[in-house]
J.: 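Supplied in structure tokens, the structure appears directly below.
Chain identifiers are assigned alphabetically (A, B, ...) following the order of the sequence lines, protein sequences preceding nucleic acid strands; residue numbering begins at 1 within each chain.
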Number of protein chains: 4
Amino acid sequence: MTLAAEVGYAGLTIEGIAARAGVGKQTIYRWWPSKADVLLEAGAVKADRYVSVTDHGSYRGDLRAFLEASYELGNLPQLAEVLRALMAEAQLDTEFGDRFRAAFLDRRRDALAVITSRARDRGDLPDRPDMATVADIVFGTIWYRVLATREPLTAGLADDLVGLLAPAEGPR
Amino acid sequence: MTLAAEVGYAGLTIEGIAARAGVGKQTIYRWWPSKADVLLEAGAVKADRYVSVTDHGSYRGDLRAFLEASYELGNLPQLAEVLRALMAEAQLDTEFGDRFRAAFLDRRRDALAVITSRARDRGDLPDRPDMATVADIVFGTIWYRVLATREPLTAGLADDLVGLLAPAEGPR
Amino acid sequence: MTLAAEVGYAGLTIEGIAARAGVGKQTIYRWWPSKADVLLEAGAVKADRYVSVTDHGSYRGDLRAFLEASYELGNLPQLAEVLRALMAEAQLDTEFGDRFRAAFLDRRRDALAVITSRARDRGDLPDRPDMATVADIVFGTIWYRVLATREPLTAGLADDLVGLLAPAEGPR
Amino acid sequence: MTLAAEVGYAGLTIEGIAARAGVGKQTIYRWWPSKADVLLEAGAVKADRYVSVTDHGSYRGDLRAFLEASYELGNLPQLAEVLRALMAEAQLDTEFGDRFRAAFLDRRRDALAVITSRARDRGDLPDRPDMATVADIVFGTIWYRVLATREPLTAGLADDLVGLLAPAEGPR
DNA sequence: ATTTAAGCGAGACGGTACGTCTCGTCTTGAA
DNA sequence: TTCAAGACGAGACGTACCGTCTCGCTTAAAT
């Protein structure tokens with residue numbers, strides 16, 4: 001990731017990774033099928049450590065915590081750079097795309113599913129939208145800002161989403 | 001686009017494009033700075049023709065029409081493939097990213113802004129979320145499905161979004 | 001040939017040749033199928049320039065002149081080194097062997113054949129051995145010294161061969 | 001030698017030899033410094049067994065027997081292939097060249113020297129050419145045919161050489 | 001009607017990274 | 001303790017494209 005930050009993903013080469021690691025090219029090829037997989041392993045480990053799904057007593061609280069933790073991650077410039085590169089590579093190389101989905105995207109969806117399932121069990125979850133759409137909205141906005149607008153993920157956005165997806169009980 | 005469909009974007013080369021066009025490489029370089037820009041010109045033209053922003057009398061109606069038209073586009077396999085490639089390239093090549101944003105992404109946001117502005121003028125627009133967040137949600141979900149889950153953009157998703165962003169007046 | 005002299009044929013690489021020539025690898029591959037062919041072209045040109053087949057009036061005189069010129073060539077350390085490498089490569093790569101035979105070995109035999117044919121026409125050529133065997137002996141001894149014993153090709157050897165293959169008329 | 005016959009000397013690797021022998025690479029390296037030395041050991045053993053230097057009563061007879069035995073060996077396709085490879089390797093790797101000379105080439109010269117020495121003691125040896133040149137001619141023609149023309153070593157060639165080097169007494 | 005010049009196809013060029021191969025050394029684990 | 005199995009650092013291989021650069025041929029305008 002240090003090297004990626006220095007030269008950018010486009011300038012990253014297997015040859016360069018090997019040289020920086022003080023290692024033969026073959027050793028890289030022995031363990032990872034492409035430079036994207038090298039980064040994926042680094043990125044996945046890093047992301048996994050972060051976002052927790054501790055119980056905050058309510059869907060609203062859980063969702064807000066999840067969003068805040070996720071946004072914090074997405075706002076780390078170095079990690080965001082890696083995520084952009086991985087998502088790009090996933091479009092260009094179908095097989096890597098499958099691995100990326102399995103190792104990263106699906107795991108993040110599963111983490112969110114823990115929260116929505118808990119809410120459903122608690123009777124806390126609105127009828128609509130269903131869990132899948134919630135995930136599409138939550139992750140869609142994150143990725144859209146990371147990939148397309150490159151604007152930071154703000155607390156205001158989190159407020160808006162919590163307001164939409166887990167409306168306060170009172171006003172009803 | 002025919003060639004891109006045959007060999008995939010990853011397999012696309014300027015050399016190949018020139019050969020297919022029966023043209024010297026230099027001629028391609030004379031007119032476009034990269035292979036992505038060649039596709040961008042093809043893709044942008046195509047997408048512009050589609051989505052209209054005709055007035056349907058209500059924010060709800062306008063939004064539903066916009067979503068349906070956009071989803072239809074995003075569900076065209078060949079166009080989706082090109083969009084995936086362009087978004088990928090935009091991550092790898094910053095300068096192309098700027099051109100892509102200007103020539104495509106911002107224009108789609110502008111189209112949606114026509115609708116939300118009209119709703120605001122009409123007094124039809126909910127207080128929250130604001131126009132920018134609406135755009136993030138609308139385009140975020142589209143791109144997320146195109147890039148990440150690769151699932152089709154369904155009428156159900158449109159229903160959910162319309163329900164959230166432009167709730168029916170009645171039940172309130 | 002300068003580079004070959006510096007690093008030895010075993011240390012010669014296409015990569016190195018290209019670098020020394022200030023040229024891309026592909027340019028070497030475009031014109032020669034292997035590093036041996038590069039050297040062959042240089043060596044063949046060099047060798048062709050040397051050995052003449054001028055008429056000296058007698059088979060004895062022609063043969064002695066041919067041997068002396070050939071030995072002089074074979075005693076040039078740099079050229080001998082190249083010839084060793086080419087003969088070696090010819091054993092390892094059959095296809096190069098064919099090219100080597102056509103471009104070098106056969107041409108040297110043809111040069112000698114000019115001399116023996118002239119002698120035959122003149123009635124100067126002994127009955128035995130025939131022209132083919134003469135060539136085998138002449139070139140065999142040269143190559144054997146170059147490849148196997150690495151001893152210089154001396155005037156004494158030339159004396160011996162001339163004595164055997166073109167005996168003086170007198171003593172008969 | 002079986003493996004060498006299958007893949008050719010160029011395709012022979014230490015890795016392959018070890019695999020075929022069901023042995024670790026290190027074990028090969030422990031006993032031989034290169035793949036050529038492995039073959040040399042096999043080849044030298046084989047060639048030593050053949051050519052004898054039994055006394056046939058005359059230089060002429062001894063020489064003819066030596067040539068015939070040597071030619072028979074050189075006409076064995078599999079052995080010739082190995083000899084070609086060893087001679088090639090000797091050109092590329094100087095250190096192996098020294099070992100090859102000592103273990104093979106010099107021993108064959110020594111064998112011929114037994115014959116010429118015997119002839120000299122017997123007063124049977126012509127004044128010219130001397131023993132060294134005889135060896136150069138005998139082995140030169142063999143190697144030249146094996147390496148360069150790849151033509152078989154025929155009885156006719158033996159006749160020519162015997163006629164030149166050990167002329168019949170009568171006609172004088 | 002002849003000359004001139006621009007535009008273009010073709011593709012050679014200097015580079016760079018690819019993914020593969022084999023080298024000779026080093027490490028590991030089972031017998 | 002030995003040794004097969006094979007990971008390792010190293011570096012050349014031959015290929016694919018990159019973006020730049022000549023080349024001639026065509027074609028249309030200017031003479």
J.: Take atom CD in A:Glu95; do more than 12 heavy atoms of anything else shown fall under 6.0 Å from it?
T.: no

J.: If only atom types and distance count, is the side chain of C:Gln78 paired as donor or acceptor with the main-chain N or O of C:Ala5 below 3.5 Å?
T.: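 Not confirmed, C:Gln78 side chain does not pair with C:Ala5 backbone.
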
J.: Reading DNA chain E from 5' to 3', where do the contacts with chain D start and stop? Cut-off is 4.0 Å to heavy atoms.
T.: E:dT22 to E:dC26

J.: Going by the salt bridge (Lys or Arg N to Asp or Glu O under 4.0 Å) test, which pairs reach into residues 7-17 of chain C, not counting sequence neighbours?
T.: C:Glu15-C:Lys25

J.: If the condition is salt bridge (Lys or Arg N to Asp or Glu O under 4.0 Å), which residues does A:Asp37 pass it with, not counting sequence neighbours?
T.: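 A:Asp37 satisfies salt bridge (Lys or Arg N to Asp or Glu O under 4.0 Å) with A:Arg99 once adjacent residues are dropped.
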
J.: Distance under 6.0 Å and angle within 45° of the ring axis: does D:Lys35 meet both against D:Phe96?
T.: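 Ring-cation test returns no.
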
J.: Suppose we screen for side chain to side chain donor-acceptor pair (under 3.5 Å). Which residues come up paired with D:Arg101, at least two apart in sequence or across chains?
T.: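 So D:Arg101 forms no side chain to side chain donor-acceptor pair (under 3.5 Å) with any residue.
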
J.: Of the residues in residues 14-33 of chain B, which ones touch DNA chain F at a heavy-atom distance under 4.0 Å?
T.: B:Ile14, B:Glu15, B:Lys25, B:Gln26, B:Tyr29

J.: Show every salt bridge (Lys or Arg N to Asp or Glu O under 4.0 Å) that has at least one partner inside residues 78-89 of chain A, sequence neighbours left out.
T.: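 Counting only pairs at least two positions apart or across chains, the salt bridge (Lys or Arg N to Asp or Glu O under 4.0 Å) contacts touching residues 78-89 of chain A are A:Glu81-A:Arg84.
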
